[in-house]
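What follows is a single structure, written as structure tokens, with notes after it.
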There are 2 protein chains.
Amino acid sequence: MNSENVTIYDIASDAGVSIATVSRVLRGEASVSEATRKKVLDAIERRNYRPSSIARGLSSRTTHSLGIVLPKLLNPHYAMIFTGAQEEARKLGYTMSLFPWSSLDTREYNPAAMLAERRLDGLIVCVEYLPPDHDERVLSALQDLRQYMPVVLIGCVPPSYDFPSVSNNNAAMMEEIVRYLASLGHEKIAFIGGVREDHDPLRRDVGYENGLRDARLPYVSSYRVYCRGTAEDGAAAFTGMLSSLKREYWPTAVIALNDLVAMGCMASARDLGLAIPEQLSVIGCDNLFCTPYLVPPLTSINTHQQRTGTRAVQLLISGENKKETADWELVERASCAHAPKS
Amino acid sequence: MNSENVTIYDIASDAGVSIATVSRVLRGEASVSEATRKKVLDAIERRNYRPSSIARGLSSRTTHSLGIVLPKLLNPHYAMIFTGAQEEARKLGYTMSLFPWSSLDTREYNPAAMLAERRLDGLIVCVEYLPPDHDERVLSALQDLRQYMPVVLIGCVPPSYDFPSVSNNNAAMMEEIVRYLASLGHEKIAFIGGVREDHDPLRRDVGYENGLRDARLPYVSSYRVYCRGTAEDGAAAFTGMLSSLKREYWPTAVIALNDLVAMGCMASARDLGLAIPEQLSVIGCDNLFCTPYLVPPLTSINTHQQRTGTRAVQLLISGENKKETADWELVERASCAHAPKS
DNA sequence: GGCTATAATGATAGCGCTTTCATAATCAGA
DNA sequence: TCTGATTATGAAAGCGCTATCATTATAGCC
């Protein structure tokens with residue numbers, strides 16, 4: 001642009017020293033006399049010099065930049081993970097680039113090529129529930145990437161994947177949620193899960209069933225449905241479930257995959273004239289910013305997504321090969337109440 | 001990592017050609033015989049070779065990567081801008097890195113230094129309403145950056161900033177919103193604006209006043225308050241306004257800075273026993289994903305943030321020095337109705 | 001004063017590519 | 001068969017740094 005690129009040579013000649021000395025000053029090495037250091041810093045200031053991270057990266061073989069791959073930022077769930085990761089990266093002196101999930105998924109070109117070329121110092125990948133054919137391709141893309149940089153996974157990690165990771169213990173979460181609802185007197189508890197959780201060792205539906213068993217409640221297959229994670233899908237799934245059931249068998253509580261799905265359920269319940277929480281308790285997951293402003297405010301699960309992002313970065317940098325589980329807690333709001341008497 | 005880094009030399013010797021030829025194949029130059037091209041591609045495949053974008057960037061002086069600076073991704077408004085920008089960048093063969101606003105703002109170290117060092121091919125900056133002292137520092141940071149890469153601004157761009165930009169015509173938006181509410185019979189229309197819009201040539205409050213004048217409605221200063229853009233702030237601002245007013249002077253409609261603030265107003269109204277939309281019409285801005293699921297669904301303004309992001313990238317790449325205005329439209333939902341009779 | 005340890009600086013070889021420029025091979029046309 | 005284009009390749013000079021090793025200046029000591 002404007003100023004022709006100032007290089008280390010310009011600074012060196014301005015300050016009357018060698019480029020090695022300038023480089024020492026840049027990297028904060030101790031063995032430079034105060035007088036020289038000052039000359040160099042003055043020249044840098046005068047010329048408004050900024051060392052090129054590109055050149056630096058080439059010769060030092062480290063770029064101080066990390067990457068994160070996620071499905072879509074428009075879902076606040078991922079925005080939170082990203083934010084946590086980004087802040088931690090920044091603290092540790094790294095920048096963070098974001099890549100859409102399609103970077104791994106597409107067939108247009110070698111999926112991981114672009115990422116591999118970037119010579120990142122590390123990569124975080126948020127793994128969603130994958131259709132089976134994707135699964136293999138993604139795994140091979142990940143293996144490929146791993147040749148170039150350390151990789152940490154977030155989310156649903158199939159047991160066959162041998163990667164460091166941070167994931168939720170969805171099963172335990174669901175177990176406790178069922179217990180919670182049972183303690184409120186609910187006996188007809190519906191469950192809306194995510195499609196294709198089969199690969200998840202900590203899948204929610206297992207926790208749901210265990211929870212029912214613990215509470216000595218019968219498992220009713222019609223109470224269990226699956227959907228993709230949007231509000232529309234949630235509404236459709238819930239409406240579908242109710243329409244297949246006689247009114248007296250309608251559930252008195254529903255556990256949703258996430259808050260978006262819960263929002264869909266609430267809309268659907270409103271359409272059907274079901275009062276929340278009097279006739280139906282609803283519980284979501286993710287604790288999105290809008291949950292307190294829904295009517296009634298939505299009870300949800302805080303899964304500490306930011307902290308998940310943070311931990312992923314820490315694992316990446318430290319190089320530990322751990323599989324971690326994020327902790328979580330129930331955030332009680334007004335959408336859950338005692339089961340109706342009838 | 002695993003495989004020692006394969007370089008262009010390895011491929012060259014594998015294929016029995018010079019590195020110049022390998023480079024030609026990589027860049028898809030025409031002047032390579034089919035036979036040679038095949039030999040090279042085979043070697044690349046065999047060794048699983050990926051050219052280093054770092055080295056490439058150093059010698060070609062272009063990185064094919066863009067940056068975007070924004071306040072916070074947790075606000076879906078910015079997530080939408082980012083998504084639009086990212087998709088367009090990808091289409092054009094660029095990657096996009098995200099930097100928190102504090103990159104420009106902090107005093108800890110030279111604000112723009114990190115960005116300048118990255119030698120991006122271009123940078124988008126989302127400018128928020130700034131406190132006056134920030135304003136100068138940000139401007140100088142932007143000027144500084146501009147020496148290294150083209151910069152495009154999004155959002156509130158002070159007239160003194162001579163940068164290409166994409167912004168909203170907030171004034172025109174507000175004018176039309178006031179007209180809309182007036183057409184529904186509202187006469188007491190409140191307005192919650194953003195703090196420090198003073199620098200915005202298209203500031204909302206100006207549009208608000210113009211709208212009132214056009215509708216021949218009196219301007220009442222108590223109906224106009226300001227807040228930062230969160231739901232909590234919105235609730236506080238609205239509650240504050242009402243508490244300073246006798247009940248008969250309470251507004252029958254409120255225009256909020258954005259949907260978050262509108263959500264705050266709705267909560268506040270509910271607390272005060274005001275029915276929406278029977279006693280109070282509420283209108284937000286940004287058309288967030290959750291607006292249809294609020295009770296009642298929130299009328300809002302679609303400002304096409306994704307398209308804004310897209311355009312910003314196009315301006316960046318094309319190098320046009322234009323100041324553009326995004327278009328927008330009212331999305332009517334149930335939170336606005338005719339003014340109450342009384 | 002002479003000699004070694006220490007601190008400060010310089011020369012220079014990469015890092016892995018792109019990009020001239022030079023050279024060799026191929027092919028029309030006369 | 002020879003000439004001048006044209007096409008296909010190679011050699012080598014950067015790009016702007018880091019990092020090693022060599023060199024010089026400074027100090028400390030007997």
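On a predicted model such as this, the values are computed, not experimentally measured, just so you know. Just so it is clear: chains get the letters A, B, ... in the order the sequence lines come, proteins before strands, and each one is counted from 1.
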*May I have the step-by-step check of side chain to side chain donor-acceptor pair (under 3.5 Å) for A:Arg119 and B:Ser53, ending in yes or no?*
CA-CA 7 Å; A:Arg119 297 293 195 271; B:Ser53 67; over 6 Å; no

*For the pair A:Ser52 and A:Arg56, evaluate side chain to side chain donor-acceptor pair (under 3.5 Å) and give the outcome as yes or no after the intermediate values.*
CA-CA 6 Å; A:Ser52 153; A:Arg56 212 178 257 220; over 6 Å; no

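Where the helix from C:dG1-D:dC30 to C:dA30-D:dT1 starts and where it ends, the local axes point in directions that differ by 50°; five pairs per end, rounded to 10°.
The nearest whole Å value for the distance from the CD1 atom in A:Ile54 to the C1' atom in D:dG16 is 11 Å. As a whole-Å value, the separation of B:Ile11 CD1 from D:dT9 C1' is 18 Å. Taking atom CD1 of residue B:Ile8 and atom C1' of nucleotide D:dG10, one finds them 13 Å apart after rounding to whole Å. In this entry the distance linking OH of A:Tyr9 with C1' of D:dC15 reads 10 Å, nearest Å. Between the CZ atom of A:Arg56 and the P atom of D:dC17 there is a distance of 8 Å, given to the nearest Å.
If you take CG on A:Leu153 and SG on A:Cys126, they are separated by 8.5 Å, rounding to the nearest 0.5 Å. With rounding to the nearest 0.5 angstrom, the OG atom of A:Ser167 is 8.0 Å from the NZ atom of A:Lys323. A:Thr303 contributes atom OG1, which lies 5.0 Å from atom CG of A:Asn168 (distance to the nearest 0.5 angstrom). Rounding to the nearest 0.5 angstrom, the gap separating the CG atom in A:Leu139 from the CZ atom in A:Phe163 is 6.5 Å.
Listed pair A:Tyr49 / D:dC17 meets the phosphate criterion, a side-chain N or O lying under 4.0 Å from OP1 or OP2. Put simply, B:Arg61 has no side-chain N or O that comes within less than 4.0 Å of OP1 or OP2 on D:dC15.
Taking the side chain as every heavy atom from C-beta outward, B:Arg50 and A:Met114 never approach each other to under 4.5 Å. Counting only heavy atoms from C-beta outward, the side chains of B:Arg311 and B:Lys322 approach each other to under 4.5 Å. Side-chain contact between A:Ile19 and A:Ile11: absent, with no pair of heavy atoms (C-beta onward) separated by less than 4.5 Å. With contacts defined as side-chain heavy-atom distances shorter than 4.5 Å, the pair A:Leu26/A:Ile44 qualifies.
Of all the residues in residues 18-37 of chain B, B:Ser18, B:Ala20, B:Thr21, B:Arg24, B:Ser31, B:Val32, B:Ser33, B:Thr36 reach under 4.0 Å from DNA chain D with at least one non-hydrogen atom.
Within a 6.0 Å radius of CZ in A:Arg37, other residues, nucleotides and ligands contribute more than 12 heavy atoms.
If you walk DNA chain C from 5' to 3' and mark each nucleotide with an atom closer than 4.0 Å to a heavy atom of chain A, the marks span C:dA8 to C:dG16.
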